[in-house]
Amino acid sequence: QAKHKGKSAYAHFAPEMTEVSHERLQMESLMRRALEQKEFELYYQPIVRTESGQLCSAEALLRWNNPGMGMVMPDRFIPLAEETGLITPIGEWVLQEACLAAMRWKASTGTDIGISVNVSPRQFRDPGFVDTVMNALDASGLPPQQLELEITERLILDNTIETADILRQLDQSGIRLSVDDFGTGYSALSYLKSYPFDTLKIDKSFVQDVMKEREDASLVKAIINMAHSLGLRVIAEGVEEEAQTHFLQHEGCDYSQGYFYSRPLPENEFQQWLKTNHRAL
Ligand code: C2E
Ligand code: MG
Ligand code: MG
Ligand code: MG
């Protein structure tokens, strides 16, 4: 009797919570198997020189093809991968695969194309992180100058000695470092002068409205000028319209990325894109 009561009370008070945690558990166990089942795939989005539209590099963006769920986008599984720590082995695979891909493109086009890889905080703080990066470079033969690691302001916020030390080690090995989603992290700007970053990626939320909102236009201009006076390069993210490209050219934004140029593409389509774009170089 009491048992029955307890159960129904539970069911009455927390149905959503149990559903959510059930879904999470299921996602987690599927994600645990996803690496060995080879369900992860990298898509590549071109990053071009704003002035010429010429390809310079590509950002690797993770996709999860699960037989039951279809294609799962990173916003739906990266947070859980972070929480469970699974991001460490997944991120290691991403690094290896991205470096190998850049070498394949070199072989097929004869051009050095940079590759940008997203790094999440938990992965960055793993004690083996620097070794993982170095191993990916060694195993693929990719020169460190062609690898860029994208780090969010969120990570820099907890500004510890370890963070500074890891960034310094990566920088000294020749790898490039960028601040992803710049402007969304509420962090103090002082880190820009004390950490060895090469690039700021202006968050797409600012870029999207540059033609509509004066404030966004002013912010984007100010970020470009500030970055340049600190010796940093700038990438505008989320460029979708031609008018935005004219604005960014006028303001001297070095690089651009967005649907206007190309969506993230599976590797075979990216290779096709490369061939046609390469001819125009
Ligand atoms: P992010 O690093 O800021 O990547 C840019 C996101 O903006 C991508 O979403 C991309 O598809 C999207 N995007 C690109 N151009 C446009 C545009 O013109 N308009 C709009 N509206 N969106 C555009 P995606 O692929 O869904 O990735 C979302 C986030 O997931 C990434 O944001 C990144 O933080 C994270 N992520 C992706 N791959 C990885 C990975 O391998 N490791 C880690 N740790 N995080 C990853
Ligand atoms: Mg990124
Ligand atoms: Mg550097
Ligand atoms: Mg971003």
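In each ligand, atom 1 is the first atom listed, and ligand 1 is the first ligand listed.
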S.K.: Which residues pass the salt bridge (Lys or Arg N to Asp or Glu O under 4.0 Å) test with R125, not counting sequence neighbours?
M.R.: D158
S.K.: Please state whether the rings of F40 and W93 are parallel, tilted or perpendicular, taking 30° and 60° as the class boundaries.
M.R.: tilted
S.K.: By side-chain contact (heavy atoms from CB on, under 4.5 Å), which residues pair with E241, not counting sequence neighbours?
M.R.: Q244
S.K.: Would Q257 count as being in polar contact with ligand 1, using the rule that some N or O on each side must be under 3.5 angstrom apart?
M.R.: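 No, Q257 has no N/O under 3.5 Å of an N/O on ligand 1.
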S.K.: Quick check: does L62 get an N/O under 3.5 Å from an N/O on ligand 1?
M.R.: yes
S.K.: So which bit of D75 gets within less than 4.0 Å of ligand 1, heavy atoms only: side chain, backbone, both or neither?
M.R.: side chain
S.K.: Keeping to distances under 2.8 Å, can you name the protein N/O/S atoms close to the Mg ion (ligand 4)?
M.R.: D180 OD1, D181 OD1, E237 OE1, E237 OE2
S.K.: Under 2.8 Å from the Mg ion (ligand 2), is there any N, O or S atom belonging to S116?
M.R.: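 Checking the Mg ion (ligand 2) against S116, no N, O or S atom falls under 2.8 Å.
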S.K.: Please write down residue, atom name and distance for the protein heavy atom closest to atom 3 (O) of ligand 1.
M.R.: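 Going atom by atom, the protein heavy atom closest to atom 3 (O) of ligand 1 ends up being D181 OD1, 3.1 Å.
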S.K.: Measure the shortest side-chain to side-chain distance between Y44 and W273 over non-hydrogen atoms and say whether it is less than 4.5 angstrom.
M.R.: no
S.K.: Does R63 come within less than 4.0 angstrom of ligand 1, counting non-hydrogen atoms of the residue?
M.R.: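 Yes, R63 has heavy atoms under 4.0 Å from ligand 1.
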S.K.: Ignoring hydrogens and angles, write down the donor-acceptor pairs under 3.5 Å from the side chains of residues 27-35, residues two or more places apart or on other chains.
M.R.:
{"residue": "E28", "atom": "OE2", "partner": "R32", "partner atom": "NH2", "Å": "2.7"}
{"residue": "S29", "atom": "OG", "partner": "Q26", "partner atom": "O", "Å": "3.2"}

S.K.: Can you tell me which N/O/S atom of E59 has the shortest distance to the Mg ion (ligand 2)?
M.R.: OE2
